[in-house]
Amino acid sequence: MPMPAIDPSLIPEDMRPMIHALCATSIRLSGIIARGPLAGKLGAGVGENSDGDQQKALDVMADEMFEAALKGTGVKYYASEEQEEVLTLDDGGRYALATDPLDGSSNIDVNVTIGTIFSIFEAADDASASFLRPARDQICAGYIAYGPQTLMAITFGSGTMLFVLEPETGEFVPVEKAMKLPEAAKEFSINASNRRHWTQPVLAYVEENERGKDGSKGKDMNFRWVGSLVAETHRILTRGGTFLYPSDARQGYENGRLRMVYEVAPMAFLVEQAGGKATDGVKPIMDLTAEELHERRPFVFGSSEEVDRIAELHG
Ligand code: AHG
Ligand code: MN
Ligand code: MN
């Protein structure tokens, strides 16, 4: 018997095979990522996904690994950033799982943290009804970060737990039973190269942060941008801060960049369960419903004081 990749007593019984498959696959993936160029040309362009984003070799590899591993684990419907349509993996399965199998693709070749994001619902009668529903209906969400440590944050709706991979045993070891996202922030994250395209409230928030101690904020704010949502979310869950990927004036960015079903909704669930807030600028993400599988949604999350301030600036 191989060691379980995670202590089963921490996982609701029916979900154990599925969560175990996610863990075991991410452990294999972390081994490949750690070898970088020794494992092949992981960051090579191999095509485009349904949304016109370039697919890298590792995007496709990760998707194929999760799809294969989740068969026979209770997953009825499998939706992935890398596949246009939802797949039926197991007609009798109880769950619908959506994933960004590899987040932060632009960082693959530069040895910067990348990740996997997943969101789980109870499966409904058909694929659309399973995923196109309020984010509040999620029963589990999580991410795995492949960084200096491989770690996993996961929620089943009663707090956000954190596990770190012990490479010696191949097990995710619990390190936090309930993560607590600090209410106040000292850092903010936004892709500042888009400044000229921002809306007025976003610009006002960033300028307030830049004025720091000398402005109405009364404190200095640091700026950070990794370019991997998983890395950004993990930093903010750990020590507070804000993240913004707002809508902007560029064509195709009317709803920002991040995808509602497998990026925004699961991160919002994890953040809320850790005491932070997540909105589209104004409305809580958890109250919103996706209309299309690959749709984008403006995303603001982090320390509650800051997320409230951003909503206030939106009037
Ligand atoms: P993906 O690699 O799955 O396409 O996601 C990339 C996302 C996210 O991780 C990150 O926050 C954002 O795109 C970066 O966008 P910019 O390139 O506009 O900075
Ligand atoms: Mn992504
Ligand atoms: Mn991706």
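Numbering of residues begins at 1 and proceeds along the displayed sequence. Note that the structure is a prediction, hence the values are computed from the model and not measured. Just follow the structure's listing: the first ligand is 1, and inside any ligand the first atom is 1.
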Partner of Tyr78 under side chain to side chain donor-acceptor pair (under 3.5 Å), picked from Thr99, Asp63, Asp90, Thr88, is Asp63
Aromatic rings Phe301 and Phe243: how do their planes relate, parallel, tilted or perpendicular, breaks at 30° and 60°? parallel
Would you mind checking which non-hydrogen protein atom is closest to atom 19 (O) of ligand 1, with the distance to 0.1 Å? Asn191 ND2, 2.8 Å
Ligand 1 N/O within reach of Asn194 N/O, cut-off under 3.5 Å: no
Measure the distance from atom 18 (O) of ligand 1 to every protein heavy atom, then report the residue, atom name and distance (to 0.1 Å) of the closest one. Tyr245 OH, 2.5 Å
Nearest non-hydrogen protein atom, atom 1 (P) of ligand 1: Gly104 N, 3.8 Å
Residue-ligand contact Leu258/ligand 1, heavy atom below 4.0 Å: yes
In ligand 1, which numbered atoms sit nearer than 4.0 Å to a non-hydrogen atom of Glu81? 3 (O), 4 (O)
Within 4.0 Å of some non-hydrogen atom of Leu229, the atoms of ligand 1 are 8 (C), 9 (O), 10 (C), 11 (O)
Can you tell me which portion of Ser105 lies within the under-4.0 Å heavy-atom range of ligand 1? Options are side chain, backbone, both, or neither. both
of all protein heavy atoms, closest to atom 10 (C) of ligand 1 is Gly227 O, 3.5 Å
Measure Asp103 to ligand 1 on non-hydrogen atoms and call it side chain, backbone, both or neither using the 4.0 Å cut-off. both
Please state whether Glu263 comes within less than 4.0 angstrom of ligand 1, counting heavy atoms only. yes
Report, as a single number, the protein N, O or S atoms less than 2.8 Å from the Mn ion (ligand 3). 3
Before accepting this row, confirm whether a basic side-chain N of the pair Arg94/Glu122 lies closer than 4.0 Å to the acidic partner's carboxylate O. yes
If you scan protein heavy atoms around atom 14 (C) of ligand 1, the nearest is Arg257 NE, 3.8 Å
Has ligand 1 got any nitrogen or oxygen that is less than 3.5 angstrom from a nitrogen or oxygen of Asp100? yes
